[in-house]
**Student:** 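Below are the structure tokens for one structure; questions will follow.
Chain letters run A, B, ... following the sequence lines, proteins first, then strands; residues in each count from 1.
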Number of protein chains: 2
Amino acid sequence: MLSSSSKYAVNAVLYLAVHSNDKNKIRAKEIAEAIKLPSPFLSKLLQSLSRENIISSSKGPTGGFYLTKQALNTPLIEVVNIIDGTSRLEDCVLGLKKCSSEQPCPVHYSVQPLKQKFRKELQENISVFAEKVKNGEAYLFV
Amino acid sequence: MLSSSSKYAVNAVLYLAVHSNDKNKIRAKEIAEAIKLPSPFLSKLLQSLSRENIISSSKGPTGGFYLTKQALNTPLIEVVNIIDGTSRLEDCVLGLKKCSSEQPCPVHYSVQPLKQKFRKELQENISVFAEKVKNGEAYLFV
DNA sequence: TAAATTTGGGACTTAATTGTCTTAATTTTT
DNA sequence: AAAAATTAAGACAATTAAGTCCCAAATTTA
């Protein structure tokens, strides 16, 4: 459904949403330890997100990654789109090039609505999911 | 969602469901050409399915792969389970080891019901999907 | 200004998936 | 019985995804 990379990225972004702000930046290493991930690999992912302005960063001591208030209003799915691209969630489940309602694959009508709902659920802003973690309704690790 | 391998396998099985029976076996090469797939690779997939008795095969001239009437009543998801295993469709979307309703990940309640529905849709028998192709309601290629 | 710390970028390595090839076993036809 | 056709099995190759490493650039602190 999602690649390992974008799973990591979503976790890391939600961690930042919960724990960081422009006054409180967090180093890649700290995030990696918190969500139990190889730190150099996570760094690459965070850099990709930073390059695309999903998250912010600053260098040097006291530097790190963080989310601005406005970044909290980004749909979570954008994280996935940047790391995985969109085709993974949009292409035909059976891999047919021209699957559509005009020329559906055999599972199209069973599955296509579910895929669409899935994307719609991830359209919710980062803040919505982060709130659940803050409330103790949801967890980021273990 | 599904690996390329299991997409191929599902396509091939549905092709067999539509075109084969115990009197009319189909060679791997013919299936590969029909659904536009590398034939040696498809052979491996068909062999895996045959070993697990999802499809039938016989060797020699006039040999090939086929589906018995009773095999048509197999849930389509079994094809996926054999090629991909079950974890791909069951594990937490964010990759958390212990994600559950007691300890949900932030997207659990948004996404878990959709995954369950997805599996349920694929529980339909092979014959159900094959009928759609026979009726011209669905297509297996291009 | 120099040292320390952190992100940025790219080359490199490793692992998993996808795809190919060769040979053996089985069955049919002649 | 021999030849031809097909699946079965497993080793091998290529591609993609995952993960590591090194050095440069920027920033802070002393």
**Student:** Note the angle between the end axes of the helix from dT1(C)-dA30(D) to dT30(C)-dA1(D), five pairs defining each, rounded to 10 degrees.
**Tutor:** 0°

**Student:** Hey, are the side chains of Leu45(A) and Phe41(A) touching, using non-hydrogen atoms and a 4.5 Å cut-off?
**Tutor:** yes

**Student:** Answer whether the closest heavy-atom distance between the side chains of Val93(B) and Val10(A) falls below 4.5 Å.
**Tutor:** no

**Student:** Please output the side-chain donor-acceptor pairs of residues 71-90 of chain A that fall under 3.5 Å, not counting sequence neighbours, one pair per line with the distance.
**Tutor:**
{"from": "Thr74(A)", "atom 1": "OG1", "to": "Ala71(A)", "atom 2": "O", "distance (Å)": "2.7"}
{"from": "Asp84(A)", "atom 1": "OD1", "to": "Ser3(A)", "atom 2": "OG", "distance (Å)": "2.4"}
{"from": "Asp84(A)", "atom 1": "OD2", "to": "Ser3(A)", "atom 2": "N", "distance (Å)": "3.1"}
{"from": "Asp84(A)", "atom 1": "OD2", "to": "Ser3(A)", "atom 2": "OG", "distance (Å)": "3.4"}
{"from": "Asp84(A)", "atom 1": "OD2", "to": "Ser6(A)", "atom 2": "OG", "distance (Å)": "2.8"}
{"from": "Arg88(A)", "atom 1": "NE", "to": "Met1(A)", "atom 2": "O", "distance (Å)": "3.3"}

**Student:** Determine whether Tyr139(B) and Cys105(A) make a side-chain contact, defined as any pair of heavy atoms from C-beta on separated by less than 4.5 Å.
**Tutor:** no

**Student:** Check the distance between dA16(C)'s P and Ile83(B)'s CD1 and give it to me in whole angstrom.
**Tutor:** 19 Å

**Student:** Rounded to the nearest 0.5 Å, how far does OG of Ser101(A) lie from OH of Tyr109(A)?
**Tutor:** 5.0 Å

**Student:** First contact, last contact: which nucleotides of DNA chain D are these for chain B, 5' to 3', heavy-atom distance under 4.0 Å?
**Tutor:** dA4(D) to dA11(D)

**Student:** For residues Phe118(A) and Ile126(A): do they belong to one hydrophobic cluster (side chain heavy atoms under 4.5 Å, members Ile, Leu, Val, Met, Phe, Trp, Tyr)?
**Tutor:** yes

**Student:** Measure the distance from OH on Tyr8(B) to C1' on dT20(C) and round it to the nearest whole Å.
**Tutor:** 14 Å

**Student:** Pairs of donor and acceptor atoms involving the side chains of residues 11-22 of chain A, under 3.5 Å and at least two apart or interchain, shall be tabulated with distances.
**Tutor:**
{"from": "Asn11(A)", "atom 1": "ND2", "to": "Lys7(A)", "atom 2": "O", "distance (Å)": "3.1"}
{"from": "Asn11(A)", "atom 1": "ND2", "to": "Leu94(B)", "atom 2": "O", "distance (Å)": "3.3"}
{"from": "His19(A)", "atom 1": "ND1", "to": "Tyr15(A)", "atom 2": "O", "distance (Å)": "3.2"}
{"from": "Ser20(A)", "atom 1": "OG", "to": "Leu16(A)", "atom 2": "O", "distance (Å)": "2.8"}
{"from": "Ser20(A)", "atom 1": "OG", "to": "Leu67(A)", "atom 2": "N", "distance (Å)": "3.1"}
{"from": "Asn21(A)", "atom 1": "OD1", "to": "Lys23(A)", "atom 2": "N", "distance (Å)": "2.8"}
{"from": "Asn21(A)", "atom 1": "OD1", "to": "Asn24(A)", "atom 2": "N", "distance (Å)": "3.1"}

**Student:** Within this structure, what is the CG-to-P distance between Asp84(B) and dA16(C), rounded to whole angstrom?
**Tutor:** 16 Å

**Student:** Using a 4.5 Å cut-off on heavy atoms from C-beta on, say whether the side chain of Ser110(A) contacts that of Lys132(B).
**Tutor:** yes

**Student:** Quick one: does Lys25(A)'s side chain have a donor or acceptor within less than 3.5 Å of a partner on Lys59(A)'s backbone?
**Tutor:** no

**Student:** Which side-chain N or O atoms in residues 49-57 of chain A pair as donor and acceptor under 3.5 Å with protein atoms at least two apart or in another chain?
**Tutor:**
{"from": "Ser50(A)", "atom 1": "OG", "to": "Ser57(A)", "atom 2": "OG", "distance (Å)": "3.3"}

**Student:** Lys25(A) or Ser5(A): which one's nearest nucleotide on DNA chain D is closer to the 5' end?
**Tutor:** Ser5(A)

**Student:** Using a cut-off of under 3.5 Å, enumerate the N/O to N/O pairs linking the protein to nucleotides 7-11 of chain C.
**Tutor:**
{"from": "dT7(C)", "atom 1": "OP1", "to": "Ala28(A)", "atom 2": "N", "distance (Å)": "3.0"}
{"from": "dT7(C)", "atom 1": "O3'", "to": "Ser57(A)", "atom 2": "OG", "distance (Å)": "3.3"}
{"from": "dG8(C)", "atom 1": "OP1", "to": "Ser50(A)", "atom 2": "OG", "distance (Å)": "3.3"}
{"from": "dG8(C)", "atom 1": "OP1", "to": "Ser57(A)", "atom 2": "OG", "distance (Å)": "2.8"}
{"from": "dG8(C)", "atom 1": "N7", "to": "Gln47(A)", "atom 2": "NE2", "distance (Å)": "3.2"}
{"from": "dG9(C)", "atom 1": "OP2", "to": "Arg51(A)", "atom 2": "NE", "distance (Å)": "3.0"}
{"from": "dG9(C)", "atom 1": "N7", "to": "Gln47(A)", "atom 2": "OE1", "distance (Å)": "3.1"}
{"from": "dA11(C)", "atom 1": "N6", "to": "Lys44(A)", "atom 2": "NZ", "distance (Å)": "3.3"}

**Student:** Are Val111(A) and Leu114(B) grouped together when hydrophobic residues (ILVMFWY) are joined by side-chain heavy atoms under 4.5 angstrom apart?
**Tutor:** yes

**Student:** Where each residue is assigned the nucleotide of DNA chain C containing its nearest heavy atom, which of Leu42(B) and Thr62(B) is assigned the position nearer the 5′ end?
**Tutor:** Leu42(B)

